[in-house]
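Below: one structure, written as structure tokens.
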Amino acid sequence: MAAEPWQTAEIPGPKKALVITKPEVVAAMIKRAKRPVFVVGHKAAEIDFDGGKLIDFIIEFSKKSGIPVVATAHMIGEFTKRGFKPAAFMPAVDIGNRLVDPDWAGVDGKGQHDLALFVGLYYYMEWTILSGLKHFAQHLKTISLDNVYHPHASWSFPNLSHEEWVKNLKVIMEKV
Amino acid sequence: MKTGLGLIKNLELSIGRIVEEAWAEPMGPTPFPSLTALREWDMKLLQRYKPFYLPFCDVCCLCTFGKCDLTGNKRGACGINMAAQQSRIVLLACCIGAATHTGHARHLVEHLIENYGRRMPLDVGGLNIQVEAPVTRLVCGVKPETLGDLEEILDYVETQVTHCLSVCHTGQEGSNLDFESKVFHVGMLDHVGMEVADIAQIAAYGFPKADPDAPLVDLGFGTVNVEKPVILCIGHNVVPSVGIIDYMKENGLDGEIEVCGLCCTAHDITRYYKRGKIIGPISWQLRFIRSGVPDVVVLDEQCIRTDSFYEAQRIKAPVIVASEKNCMGLPNRTNDPADAIVEDLVSGKIPGALILDPEKVGEVAVKVALRVAPLRKKFKAIPEVDEVLQKAKECRQCGDCRRACPQDLHIPEAMKAAMEGSLAKLSDLYDLCVGCGRCEEACPVGLQIHSFIVKAGEKKLKEETYKVRAGRGPIQDVEIRNVGSPIVLGEIPGVIAFVGCANYPKGGIEVAEMCREFASRRYIVVTSGCAAMTAGMYKNEEGKTPYEEFTGEFTAGCMVNVGSCVANAHIAGAAIKIANIFAKRNLRANYEEIADYILNRVGAVGVAWGAYSQKAASIAAGFWRLGVPVIVGPHGIKYRRMLLGRADHEEDWYVYDARTGEKVYVGPAPEHLFYAAETKEEAMVMIAKLCMRPNDTTKGRAIKLTHYIDLHKRLYGTMPEDIHRFVRTIADIPVTMKDEIIKILEEKGWKETIIPDPTLLPRLIRKRKE
Ligand code: SF4
Ligand code: SF4
Ligand code: SF4
């Protein structure tokens, strides 16, 4: 299925993200991954989600799936306020830069990651970082869990309505 | 005639050379450096701060061999790969930036020589400024004394920029790191070009000469007296504006007409004429023109919206274009009598004219403004409230505007509210909108969305009355002497330069907040260009702007506006002068040593919270080569690559101890060279962190750590995790946090290290260890 980038001028090149049509597929990919990591941008604390904020969902998601969270920007504070300790906190460009390095020890010191989930960055920051990873991190698959199409990820939702997105994320959470 | 001029030129040049010979300081190793003369230094930086590429586009479309798909490091038809291609584009951008400043400098110097002669001395601060051109002295190894001396310097810069531009051709440089080195080279050249431009105009036009008490001038839409005829100047080259102001004064019209500006020309207008008014940064162009206030619009060069001619026509304001670089398709009337041009513009026979003689621009603009103002009656292109409410009903809620908006503003929701009769949500967007107009281009029904936002925010717009200190130009030698020691020892925690354009992620207020925060913490805060204006557009509870709140002297806790974009060279110049005047390092053509000094000892950081132009890219590149890290706002990530250090790679953070030749771990200080922050909070913590330098004394490091930890705790809600990397000895630990920090150090297995006399240059080791 074709999807349109959220920012209309962000026309990608020949290689575009596959569209997530079935959230179950994402759940299966996450389960298959050996060393996934979840990069969470500052908007996660701003976006409403099912009566709370997106960050609350992510905390639950991380607890259930065991996927370590990297909090970007000042998000560490938002997580700790909620009694959750992310595996790492660092600037978005730093985690991007480390993810391209095949020799990086990963957030837990046990080796490079093979799957990175992204959510909650500025759209343009997320697509540039995903672009960096698409071109320079051949060992890595990326999934955007934003409700907009991110052409530079390996997998992305298309542009979704808020309700559909919430529904989809809940399915993923259920299945991981 | 031509031969005669040539002869005179040669004669002047040789006089210039004789003057240079009289400069007692011995010539350093790299006068007028070529493309590769400083390559080794660049590679040292690039080894530590490796590029992280964020391709903006997967393909290359620079030549007809392509388009080529470079995805995943594939090679194009010419053999280039993605990493090199990204650096090539950065180099291209920086060449554009440097060419823009240098072209500006060339035009300015030519014009000033014509009016004032080659022998006009370059006085930029009288006895307070012995080192009048630190960047030029450092790079070129010459000491310019007159306007004429500047020509030779520009010859050099232009030649080098041309060479670097040629590097971007299909099938030249193949290594991304060599491209990066050339990026640094162009950045360095850019600062020379900027310095030439600003010292020439300061000297010739009598701008504030290194004046800490430069006057407070008016800033904001609301400061314009709309009852008077209004001339609006947009751009960067003040020469035509000077023509206007001079003509007005000579004809007893001073005070009869409002002369105001947008973007850097505005800074320079107020440096020349204290009645001049700064409307705001580049992003105020659409809203101010559409407001109908300007009666004549004068465009010079750079950062002009290329549709401003069209926008001016909508409000029936005649346009004068005054630069060869920007003719806008208008007829060239330079050689026609002024009154004939005035007649044609007033009658509407022509909507605009190209006039390349700045004096004539002055006469025509003034005469046209006086005659057109009563006819136009401030005819505006912004609809009335009723019309906005009515028009909003045509919105289809398609969302195209939001998807075009670089700020992702929730325009459709605001439209919906307007449909229902409320402008409140549109008004909320006013503070966040960067005025680009992309939303309007995208709207399938052709709604004038930006105008709607401006109408909804009209009250705020009209209340924009602020003060900004006019650009002061260079920093005095005595100011450098006073702060040199506390900066180098770390007692003044840092020098922070807020520069750049106006695409701020969450509105301009964040710039003002950051300035206030760091000035209150007694950092040295310096501003220039659009950032300097933005910082002045917010008042504190007492109704004071940061310029009224903090001193204009270059000292702890200041708010110094150096001036327009070209004045950025004075910020680099201040860092260079610290090494030269305070530390007595040789300046003349001694680039590596001075850059090494700055990198290791001067806690300076550039912040371009909004940055989009190619000039911003080349300005940043000039700072990188000097060892000054630059933080950009999130939009800056679209510059395609970052230069990031790896704190986790211990081997990257060793320096030589110049006393012994020993290699010493100094921690990731500064951790990054070029870096895009996602949020203001992140930027603030990083600013404090990037001010740390290997040379900090224990007392200085303790002060810097205090600010870093304090900001981290406040904005992140936690202790930083990397304190152990910055504590060298127990004495570095801030006293108030001793127990807490010692506990962390123990957990991290911290070991004490020595504080070296740091350098990356083996030739500066005084006593080699066998
Ligand atoms: S410059 Fe090279 S990569 Fe670019 S289009 Fe031409 S051949 Fe292809
Ligand atoms: S003019 Fe303002 S609202 Fe419109 S696209 Fe630009 S930033 Fe967004
Ligand atoms: S693009 Fe125009 S029609 Fe579509 S939502 Fe925006 S304002 Fe409405």
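Just so it is clear, the values below take in all heavy atoms, side chains as well, and ignore hydrogens, waters and symmetry mates. Proteins get letters first, then strands, A, B, ... in listed order; numbering begins at 1 in each. Keep in mind that what you see is a predicted model, and the values were worked out from it rather than measured.
Only the side chain of Glu10(A) comes within less than 4.5 Å of a heavy atom of chain B; its backbone N, CA, C and O stay farther away. For a residue to count as touching a neighbouring chain, one of its non-hydrogen atoms must lie under 4.5 Å from one of that chain's; by this rule Met642(B) touches chain A with the side chain only. Residue Ala9(A) does not touch chain B at all, counting heavy-atom pairs closer than 4.5 Å. In this structure, chain B has heavy atoms under 4.5 Å from both the backbone and the side chain of Thr8(A). Proximity to chain B (any heavy atom under 4.5 Å) is shown, for Gln7(A), by both the backbone and the side chain. Only the side chain of Glu671(B) comes within less than 4.5 Å of a heavy atom in chain A; its backbone stays farther off. Heavy-atom distances place the backbone of Leu715(B), and not its side chain, under 4.5 Å from chain A. Of the atoms belonging to Ala83(B), heavy atoms from both backbone and side chain fall under 4.5 Å from chain A. For chain B, the nearby part of Val100(A) is the side chain; its heavy atoms alone come within less than 4.5 Å. Proximity to chain A is limited to the side chain of Thr718(B), based on heavy atoms less than 4.5 angstrom apart.
Contact tally against chain B (heavy-atom pairs below 4.5 Å) for Leu130(A), Leu133(A), Thr72(A): the top residue is Thr72(A). In terms of non-hydrogen atom pairs under 4.5 Å with chain B, the most contact-rich of Asn97(A), Asn159(A), Thr80(A) is Asn97(A). Chosen from Trp104(A), Phe89(A), Tyr123(A), the residue pairing most often with chain B at heavy-atom distances under 4.5 Å is Phe89(A). The most heavy-atom pairs under 4.5 Å with chain A, out of Pro55(B), Ala676(B), Gly717(B), Gly636(B), come from Pro55(B). Listed options Arg641(B), Lys74(B), Arg402(B) were ranked by heavy-atom pairs under 4.5 angstrom with chain A; first place goes to Arg402(B). Highest contact tally toward chain B, considering only Ala105(A), Gly96(A), Ala88(A), is held by Gly96(A) [criterion: heavy-atom pairs under 4.5 Å]. Of the listed residues (Lys680(B), Arg438(B), Glu678(B)), the one with the most heavy-atom contacts under 4.5 Å to chain A is Glu678(B). Contact count versus chain A (heavy atoms, under 4.5 Å) is highest, among Val685(B), Leu70(B), Val59(B), Ile637(B), for Ile637(B).
Of all heavy-atom pairs spanning Gly132(A) and Phe52(B), the tightest one is CA-CE1, 4.4 Å.
By the 4.5 Å heavy-atom criterion applied to side chains, Pro634(B) and Leu121(A) are not counted as neighbours. In this structure, Pro91(A) and Tyr675(B) have side chains that are in contact, with non-hydrogen atoms separated by less than 4.5 Å. Glu4(A) places a side-chain heavy atom less than 4.5 Å from the side chain of Arg403(B). Here the side chains of Phe136(A) and Met82(B) are in contact, with some heavy-atom distance below 4.5 Å. Within the 4.5 Å cutoff, the side chain of Leu54(B) has no heavy atoms near those of the Ser131(A) side chain. Side chains of Thr128(A) and Arg640(B) form no contact here, defined as non-hydrogen atoms less than 4.5 Å apart.
Under a cut-off of 6.0 angstrom, the local environment of NZ in Lys638(B) is crowded, with over 12 non-hydrogen atoms contributed by other residues, nucleotides or ligands.
Residues passing the salt bridge (Lys or Arg N to Asp or Glu O under 4.0 Å) test with Lys85(A), sequence neighbours excluded: none. Considering only residues two or more places apart in sequence or on other chains, Glu740(B) meets the side-chain contact (heavy atoms from CB on, under 4.5 Å) condition with Lys713(B), Met719(B), Met737(B). Residues passing the salt bridge (Lys or Arg N to Asp or Glu O under 4.0 Å) test with Asp648(B), sequence neighbours excluded: Arg98(A), Arg646(B).
Residues of residues 164-173 of chain A placed with any heavy atom under 4.5 Å of a heavy atom in chain B are absent; none qualify.
When ring centroids are compared, His635(B) and Tyr124(A) come within the 6.0 Å threshold.
Here the rule is side-chain hydrogen bond (donor to acceptor under 3.5 Å, both in side chains) with His135(A), and of Asp58(B), Asn73(B), Thr71(B) only Asp58(B) fits it.
Counted by atom type alone, His42(A) and Thr679(B) present zero donor-acceptor pairs between their side chains at under 3.5 Å.
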Original post:
Could you go step by step and tell me if Trp6(A) and Asp408(B) meet the side-chain contact (heavy atoms from CB on, under 4.5 Å) rule?
Top reply: CA-CA 10 Å; Trp6(A) 172 247; Asp408(B) 202 13; 3.2 Å; yes
